[in-house]
Number of protein chains: 2
Amino acid sequence: MTSGDDVKDADAALVNGEAPPSRHVPLDRGRILDAAISYIDEQGLAGLTMRRLGQALGVEAMALYRYVAGKEELLDGVVDRLVAGMQADDQVLDRPSDGWQDFVQRLAHGVRRVALAHPKAFPLVASRPPEAPWLRPPLRSLEWVEAFLAGLESEGFSDEAAVAAYRAFTSFLLGHLLLEVSTLGADLGPLDVMEESVEPGLEDFPMVSRLRRQLAEDKAAVEFEEALEELLNRMALVRQEGDGG
Amino acid sequence: MTSGDDVKDADAALVNGEAPPSRHVPLDRGRILDAAISYIDEQGLAGLTMRRLGQALGVEAMALYRYVAGKEELLDGVVDRLVAGMQADDQVLDRPSDGWQDFVQRLAHGVRRVALAHPKAFPLVASRPPEAPWLRPPLRSLEWVEAFLAGLESEGFSDEAAVAAYRAFTSFLLGHLLLEVSTLGADLGPLDVMEESVEPGLEDFPMVSRLRRQLAEDKAAVEFEEALEELLNRMALVRQEGDGG
DNA sequence: ATGAAGCGGTTTACGTTGTAAACCAAGCAC
DNA sequence: GTGCTTGGTTTACAACGTAAACCGCTTCAT
């Protein structure tokens with residue numbers, strides 16, 4: 001009866017690139033990962049549960065296991081998808097086109113952008129068990145490591161210089177971004193804005209108490225910029241020295 | 001089993017003649033926290049469970065709840081205890097006695113020492129939900145923040161300079177140490193030493209493949225030293241400029 | 001058309017987790 | 001003795017991750 005028509009309509013819509021109107025969208029791995037990221041963004045990492053994630057997708061928990069091997073593997077997929085999100089960022093170049101400084105700067109800001117877009121999920125990038133010593137968080141993707149190293153060497157960096165730069169770059173990113181998203185969680189965490197709060201137990205620490213306001217100021221952006229500039233200076237130095245063994 | 005220190009405390013106490021021979025040592029908060037740290041060190045953070053921790057202490061899980069409010073609170077206690085462990089480190093000063101550079105350097109190495117002593121537990125210091133914007137990991141203790149700020153100001157740092165230094169210091173520590181303990185876990189993780197291994201799927205990444213060996217080298221110690229030196233230079237600069245608004 | 005195969009989802013079930021609540025055994029005050 | 005307090009156990013429960021079995025589709029060979 002109606003089935004033939006339905007199928008034809010669905011096919012036509014599918015060919016048209018539209019979403020199937022009435023029936024379940026067939027739930028692929030990408031949708032699961034995206035839903036997981038959204039869930040973490042909204043409810044926090046601790047709230048993520050297979051059952052609840054299934055619920056958010058209108059499906060039972062066990063259905064997810066057709067697409068992900070388990071929760072650990074799901075989380076791995078989440079960090080993959082996060083770093084892969086940088087590939088879509090057209091501000092980030094996959095090779096230097098305007099000098100290596102520009103290249104590194106764009107890459108750094110790309111990583112920072114995904115960190116700020118997903119503050120609750122970003123710590124995952126740092127805390128997942130490491131796969132190899134040459135995959136340093138938060139650059140958890142062979143593609144980007146390759147791009148970084150190749151990019152630098154194409155701009156005159158030696159092997160040693162490129163590797164050293166890679167190490168310094170990841171350390172810089174991890175420290176700054178982890179702290180930035182961390183304090184970002186602390187700012188929105190307390191319910192009231194507490195404009196002039198007298199925190200309890202702070203009277204034993206006069207320095208902290210006195211500098212309370214300046215310590216609470218959010219200067220993460222300029223700090224990031226300055227530290228990045230400093231890093232570029234160091235990289236420029238190590239670039240033009242033959243070897244430093 | 002390489003080391004059987006499960007009842008070491010009981011043995012020591014027993015030799016001292018402190019505790020009655022057959023009766024239980026009465027299990028205080030400190031013992032629980034220490035046992036938790038040991039457990040994490042040996043079995044990993046994921047393996048830590050209230051029941052198993054109780055078992056390691058020769059007690060039922062629920063007994064722990066007389067001393068800790070819950071698992072979260074237990075983990076908070078663990079990081080407190082870790083940073084408090086620095087107080088016992090006599091290499092670390094609580095105020096500058098030989099210049100601020102020496103002071104900062106000793107503090108940095110103190111933090112690094114606890115990170116390396118407890119690589120599996122250290123990520124906790126970074127990932128615990130933040131309590132206040134002025135408590136930046138890994139310096140998660142009002143005492144140490146106070147000591148740091150007071151120490152710098154006693155050596156001629158202005159308010160702004162001290163705060164800026166505090167921020168840079170924590171970012172530096174967090175990035176470097178988290179990465180160091182992370183790769184430390186990756187080194188001992190794979191079972192065989194795989195001296196000359198051809199990793200699968202690396203042929204699409206010629207740079208990474210070629211620099212594999214240099215990337216796997218452990219230069220964490222010298223990197224730490226160099227980056228710390230660089231940080232001190234920056235701090236010296238910001239110290240002797242009036243204000244940078 | 002008809003049956004076999006298999007893809008994609010659900011149901012059920014099991015062991016483990018964190019923890020509330022009730023329970024109980026000593027030690028101490030009176 | 002009778003109680004109270006302190007510190008541990010037992011029991012219980014909801015929620016978790018996930019293995020296994022169980023369908024209802026669609027698809028395809030015959």
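What you see is a predicted model; the values in this text were computed from it and never measured. Below, read A as the first sequence line, B as the second, and so on, with proteins coming before strands; counting in each chain starts at 1.
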*Tell me which nucleotide among C:dG8, C:dG18, D:dG17 gets nearest to the side chain of A:Tyr67.*
C:dG8

_Looking at B:Arg52, I'd like to know whether one of its side-chain N or O atoms comes within less than 4.0 Å of OP1 or OP2 on C:dT17._
yes

*From C:dT11, D:dC16, C:dT17, pick the nucleotide closest to the side chain of B:Arg51?*
C:dT17

_Does D:dA15 have its OP1 or OP2 closer than 4.0 Å to a side-chain nitrogen or oxygen of A:Thr49?_
no

_Do A:Arg112 and A:Phe224 form a cation-pi contact, if we require the NZ or CZ to be under 6.0 Å from the six-membered ring centre and within 45 degrees of the ring's axis?_
yes

*Provide, to the nearest angstrom, the distance between the CD atom belonging to A:Glu60 and the P atom belonging to D:dC23.*
16 Å

*Roughly how many Å is it from CE in B:Met62 to C1' in D:dT6, rounded to a whole number?*
16 Å

*Measure from CD1 on A:Ile32 to C1' on C:dG8 and round the result to the nearest Å.*
11 Å

*Closest listed nucleotide, where the reference is the side chain of A:Val59 and the choices are C:dG18, C:dT10, C:dA20*: C:dT10

*Hey, are B:Glu180 and A:Arg136 close enough for a salt bridge, meaning a charged N less than 4.0 Å from a carboxylate O?*
no

_Minimum heavy-atom distance between A:His176 and A:Ala227, given as atom pair plus value_ = NE2-CB, 3.3 Å

*For the side chain of A:Ala63, counting heavy atoms from C-beta on, which of D:dG7, C:dT10, D:dT11 is nearest?*
C:dT10

*In whole angstrom, give the distance that lies between atom OH of B:Tyr65 and atom P of D:dT10.*
17 Å

*asked:* Rounded to whole Å, please give me the gap between CG in A:Leu64 and P in C:dC7.
replied: 19 Å

*For the side chain of A:Lys71, starting at C-beta, report the closest nucleotide among D:dT10, D:dG17, D:dA19.*
D:dG17

_Between P on C:dG8 and CG on A:Leu57, what's the gap in Å once rounded to a whole number?_
16 Å

*asked:* On a heavy-atom basis, which atom in B:Met207 and which in A:Glu146 lie closest, and how many Å separate them?
replied: N-OE2, 2.9 Å

*Which nucleotide sits closest to the side chain of A:Met50: C:dA21, D:dG17, C:dG8?*
D:dG17

